[in-house]
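A short write-up of the structure that comes next.
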There are 2 protein chains.
Amino acid sequence: MHDILKSCELKNTKTRKLVLELLEQTHIPVSAEELYDRARAMGASLSLATVYRTLSVLTERGAVLKQSNRDGKTYYQLNDHHHKHFLVCTVCGEIVQVDACPLCKLEEELAKSTGYRITGHSLEFMGTCPRCQKEGKEKP
Amino acid sequence: MHDILKSCELKNTKTRKLVLELLEQTHIPVSAEELYDRARAMGASLSLATVYRTLSVLTERGAVLKQSNRDGKTYYQLNDHHHKHFLVCTVCGEIVQVDACPLCKLEEELAKSTGYRITGHSLEFMGTCPRCQKEGKEKP
DNA sequence: GTATCTGCAAAAGATTTGCAGCAAG
DNA sequence: CTTGCTGCAAATCTTTTGCAGATAC
């Protein structure tokens, strides 16, 4: 995580190291506020604004990916190569992990055809979970 | 679009028909405010709150997909089977369309393994467009 | 006629920003 | 030292909500 900051040309501060550490520990995308709360719970002293600023610059530099298709919040995850995708119930919000990412090949092709340097992607499936289907909250 | 409302068990009002019409016309995802502005430009009388409410219920019922990985806004598109995905420059915001969606097969598998009824997915690629690469605004 | 829908204005959230002080290289 | 980073509080911006009147069926 030291190296991530270096490769992003960012100064190596306590807050940033902590944010990166927390991002490494988590296995699903987290919101800025969740990161802030966890950092606080560990006794760290930092402000929510800084968490946002840190996530923002890391996203710009490609070290972090963001997603916000669920509720109103934005969720962040490290842009490593073990990233995961999710299937979200649009009724109750339950989340299931998807263990496949068929996109790496497509990314290469895209890079060739568009000239973009592709830094990541965001993929999320929407649906209705079995329980919500039973409870008939959805309109098929 | 008449039929969409019917199949969603929604009343067939002017505003909803207009929102669906505008969604059908556009070829890229649009924000609630863009829809509102376009409707207003056409002389329609409606409120932004209603646009949000309409999009919200259509999303719940699976007729519309939403995405919000770009700026702070949420973008909506019809959940038809000709849907498109996009490649977004994280520096300047330029958008390119991706003419492939390798996900339909994966969706079927997911539905089987999770029991979810899958209503859609949201996929977006992030990268740096050729111009921004040249201008060196990115930190590789 | 009744349940649903809409407009308006106000509220609620999430995220951003200005500025003054602090810290890393 | 100098540039970049942070905290705080205020501002901004998008989205949601309560309520009273209007509309679809």
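Within every chain, numbering begins at 1; the chains are lettered A, B, ... in the order of the sequence lines, protein sequences first and strands thereafter.
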Report all interatomic pairs (protein N or O, nucleotide N or O of nucleotides 14-20 of chain C) with separations under 3.5 Å.
| residue | atom | partner | partner atom | Å |
| --- | --- | --- | --- | --- |
| C:dT15 | OP1 | A:Thr74 | N | 3.0 |
| C:dT15 | OP1 | A:Thr74 | OG1 | 2.7 |
| C:dT15 | OP2 | A:Tyr52 | OH | 2.2 |
| C:dT15 | O5' | A:Tyr52 | OH | 3.3 |
| C:dG18 | O6 | A:Arg53 | NH1 | 3.4 |

For [Y], does its backbone N or O pair with a side-chain atom of [X] as donor and acceptor, under 3.5 Å?
X: B:Arg61; Y: B:Ile4; result: no
X: B:Arg16; Y: B:Leu58; result: no
X: A:Thr26; Y: A:Leu23; result: no

In whole Å, what is the span from the [atom1] atom of [X] to the [atom2] atom of [N]?
X: A:Arg40; N: D:dC8; atom1: CZ; atom2: C1'; answer: 11 Å
X: B:Lys17; N: C:dC5; atom1: NZ; atom2: C1'; answer: 14 Å
X: B:Leu10; N: C:dA3; atom1: CG; atom2: C1'; answer: 13 Å
X: A:Arg16; N: C:dG25; atom1: CZ; atom2: P; answer: 10 Å
X: A:Lys14; N: C:dC22; atom1: NZ; atom2: P; answer: 14 Å
X: A:Arg61; N: D:dG4; atom1: CZ; atom2: P; answer: 10 Å
X: A:Leu58; N: D:dG4; atom1: CG; atom2: P; answer: 17 Å
X: A:Leu20; N: D:dC5; atom1: CG; atom2: P; answer: 13 Å

Quiz prompt | Residue A:Ser47, side-chain atoms from C-beta onward, closest of D:dT6, C:dC5, D:dG7 | solution =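 Of D:dT6, C:dC5, D:dG7, D:dG7 is nearest to the side chain of A:Ser47.
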Quiz item: Within the structure, does a side-chain N or O atom of B:Thr13 lie under 4.0 Å from either OP1 or OP2 of C:dT6?
Solution: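 It does, given that an N or O in the side chain of B:Thr13 lies less than 4.0 Å from OP1 or OP2 of C:dT6.
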Quiz item: Can a side chain N or O of A:Thr50 be found less than 4.0 Å away from OP1 or OP2 on D:dG7?
Solution: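 For D:dG7, OP1 or OP2 has a side-chain N or O of A:Thr50 closer than 4.0 Å.
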Check whether any side-chain heavy atom of [X] lies under 4.5 Å from a side-chain heavy atom of [Y], and answer yes or no.
X: A:Leu65; Y: A:Thr59; result: no
X: B:Tyr75; Y: B:Ser31; result: yes
X: B:Gln77; Y: B:Val30; result: no

Quiz item: Going by modelled atom types, is there a donor-acceptor pair between the base of D:dT23 and the side chain of B:Lys11 at under 3.5 Å?
Solution: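 When only heavy-atom distances are counted, B:Lys11 does not reach the base of D:dT23 through any donor-acceptor pair under 3.5 Å.
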Quiz item: Does a side chain donor of either A:Thr50 or A:Ser47 reach within less than 3.5 Å of an acceptor in the other side chain?
Solution: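 Looking only at side-chain atoms, A:Ser47 and A:Thr50 do form a donor-acceptor pair, the distance falling under 3.5 Å.
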